[in-house]
Amino acid sequence: MHDIKIDAANIIIDLEANQSEEALKKLSNLMYNNGDVKSSYTDAVIERERTFATGLPTAPYAVAIPHTDIQHVNDKSIGIAVLKNTVPFVIMGELEETTDVKLIFMLAMDKEAAQLSLLQKLMGIFQNEQTLTTLVNAKHKQEIVTLIKSELNEEA
């Protein structure tokens, strides 16, 4: 996990969005502007979210982990958004039931196997209430970068 880009440039604190698609567009456009994903990434990640929802009703804050196929990715990276107000995302494995998401971890992976490995490591973060609370309350992007890097390296 050491070669994945976790950078303050791909983090948004207090992201304002009224719906999941708007939040996905804003975060994926940031990653595109930073050169981490291709121009096709935004539409691909939104389309995949419609088919394979990624909302996780974790406590105390729900999380979404949108991602899409590797052909839309330039560099292995994670975009992170802390939403100003929660936005409903369909729960993973459900058709219509939603959870009010506060954190988005947008994954851009260049290998399918790496994506699965990263998802497993992120699940450890999502199951830690203290870590989620720290992320949601972070005032500076670098706090989030430091915490995520530390958590991913601990798990490695």
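All values below were derived from every heavy atom in this structure, side-chain atoms included, with hydrogens, water molecules and symmetry-related copies excluded.
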Q: Rounded to the nearest 0.5 Å, how far does OG1 of Thr58 lie from CG of Leu103?
A: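 The OG1 atom of Thr58 is 7.5 Å from CG of Leu103, to the nearest 0.5 Å.
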Q: Carefully, step by step, assess Leu107 and Leu122 under the rule side-chain contact (heavy atoms from CB on, under 4.5 Å).
A: CA-CA 11 Å; Leu107 313 181; Leu122 288 173; 3.6 Å; yes
Q: Do you know the tightest heavy-atom contact between Tyr41 and His67?
A: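 Looking at all heavy atoms of both residues, the closest pair is OH-CA, 4.2 Å.
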Q: Is atom CG of Asn18 surrounded by more than 12 heavy atoms (other residues, nucleotides or ligands) closer than 6.0 Å?
A: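 No, because the 6.0 Å sphere around CG of Asn18 holds 12 heavy atoms or fewer from other groups.
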Q: Please tell me if the side chains of Ile12 and Ile104 come closer than 4.5 Å, counting only heavy atoms from C-beta onward.
A: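 Side chain of Ile12 against side chain of Ile104, heavy atoms only: no contact under 4.5 Å found.
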Q: Would you kindly confirm whether Met106 and Leu119 end up in one hydrophobic cluster when ILVMFWY residues are joined by side chain heavy atoms under 4.5 Å apart?
A: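 Cluster IDs for Met106 and Leu119 differ.
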Q: Can a salt bridge be assigned to the pair Arg50 and Glu21 using a cut-off of 4.0 Å between side-chain N and carboxylate O?
A: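 Yes, this pair counts.
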Q: So does Glu16 get a backbone contact from the side chain of Lys26, meaning a donor-acceptor N/O pair under 3.5 Å?
A: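 Side chain of Lys26 to backbone of Glu16: a pair is present.
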Q: Taking atom OG1 of Thr42 and atom CG of Asn29, what is their separation to the nearest 0.5 Å?
A: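 Separation between the atoms: 4.0 Å.
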Q: Look up atom CD1 in Ile80 and atom CE in Met31, then write down how far apart they are to the nearest 0.5 Å.
A: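 With rounding to 0.5 Å, CD1 (Ile80) is 9.5 Å from CE (Met31).
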Q: With a 4.5 Å cut-off on side-chain heavy-atom distances among I, L, V, M, F, W and Y, is there a chain of contacts connecting Val136 to Leu15?
A: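 No, Val136 and Leu15 fall in different hydrophobic clusters.
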Q: Nearest 0.5 Å, what's the CD1-CD distance between Ile91 and Glu96?
A: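 Reported value, rounded in 0.5 Å steps: 12.0 Å.
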Q: Looking at Thr86, is its backbone amide N or carbonyl O close enough to the side chain of Lys102 to form a donor-acceptor pair, meaning the two atoms are under 3.5 Å apart?
A: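 No, Lys102 side chain to Thr86 backbone: no donor-acceptor pair under 3.5 Å.
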Q: Contact between Thr68 and Val37 at the side-chain level, heavy atoms closer than 4.5 Å - yes or no?
A: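 No; the side chains remain at least 4.5 Å from each other.
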Q: Looking only at heavy atoms, which two atoms of Asp75 and Gly35 are closest? And how far apart?
A: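 The pair with the smallest heavy-atom distance is OD2-O, 3.8 Å.
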Q: Nearest heavy-atom pair of Leu27 and Asn10: which atoms, and what distance?
A: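 Shortest heavy-atom separation between Leu27 and Asn10 comes out as CD1-O, 3.9 Å.
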Q: Give the minimum heavy-atom separation between Leu152 and Ile6, together with the two atoms involved.
A: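 Closest approach of Leu152 to Ile6, heavy atoms only: CD1-CD1, 3.5 Å.
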Q: Can you tell me how far the OG atom of Ser28 sits from the CG atom of Asn33, to the nearest 0.5 Å?
A: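 Ser28 OG to Asn33 CG: 9.5 Å, rounded to 0.5 Å.
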Q: Is there a continuous path of hydrophobic side-chain contacts, each under 4.5 Å between heavy atoms, that joins Ile65 to Ile4?
A: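 Same hydrophobic cluster.
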Q: Are the side chains of Lys139 and Ile13 in touch, meaning some heavy atoms are under 4.5 Å apart?
A: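 Lys139 does not reach Ile13 side chain to side chain.
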Q: Might you point out which heavy atoms bring Ala138 and Ile144 nearest each other, and give the distance in Å?
A: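 Shortest heavy-atom contact: CB-CG1, 3.6 Å.
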Q: Please determine whether residues Ile70 and Leu118 belong to a single hydrophobic cluster, defined as Ile, Leu, Val, Met, Phe, Trp and Tyr linked transitively by side-chain heavy-atom distances below 4.5 Å.
A: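 Shared cluster, no.
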Q: Are the side chain of Asp7 and the backbone N or O of Ala9 linked by a donor-acceptor pair below 3.5 Å?
A: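 Yes, the answer is positive, given that a donor and an acceptor are paired below the 3.5 Å cut-off.
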Q: Would you give the length of the straight line joining atom CG of Leu147 to atom OG1 of Thr131, rounded to the nearest 0.5 angstrom?
A: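 It is 5.5 Å, given to the nearest 0.5 Å.
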Q: Can you get from Val87 to Met92 by hopping between Ile, Leu, Val, Met, Phe, Trp and Tyr side chains that sit under 4.5 Å apart?
A: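 The answer is no; the residues belong to distinct hydrophobic clusters.
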Q: Ignoring hydrogens and angles, tell me if any N or O in the side chain of Glu49 forms a donor-acceptor pair with the backbone of Thr54 under 3.5 Å.
A: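 Indeed, once roles are kept as given, a pair shorter than 3.5 Å links the two residues.
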Q: With side-chain contact (heavy atoms from CB on, under 4.5 Å) as the test, would you mind laying out the steps for Phe105 and Leu56 before giving the verdict?
A: CA-CA 11 Å; Phe105 282 72; Leu56 298 170; over 6 Å; no
Q: Please report the shortest heavy-atom distance between Leu24 and Pro66, naming the atom on each side.
A: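 The pair with the smallest heavy-atom distance is CD2-CG, 3.4 Å.
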Q: Could you tell me whether Tyr32 atom OH has more than 12 heavy atoms of other residues or ligands within 6.0 Å of it?
A: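 Not buried by this count: 12 neighbours or fewer within 6.0 Å.
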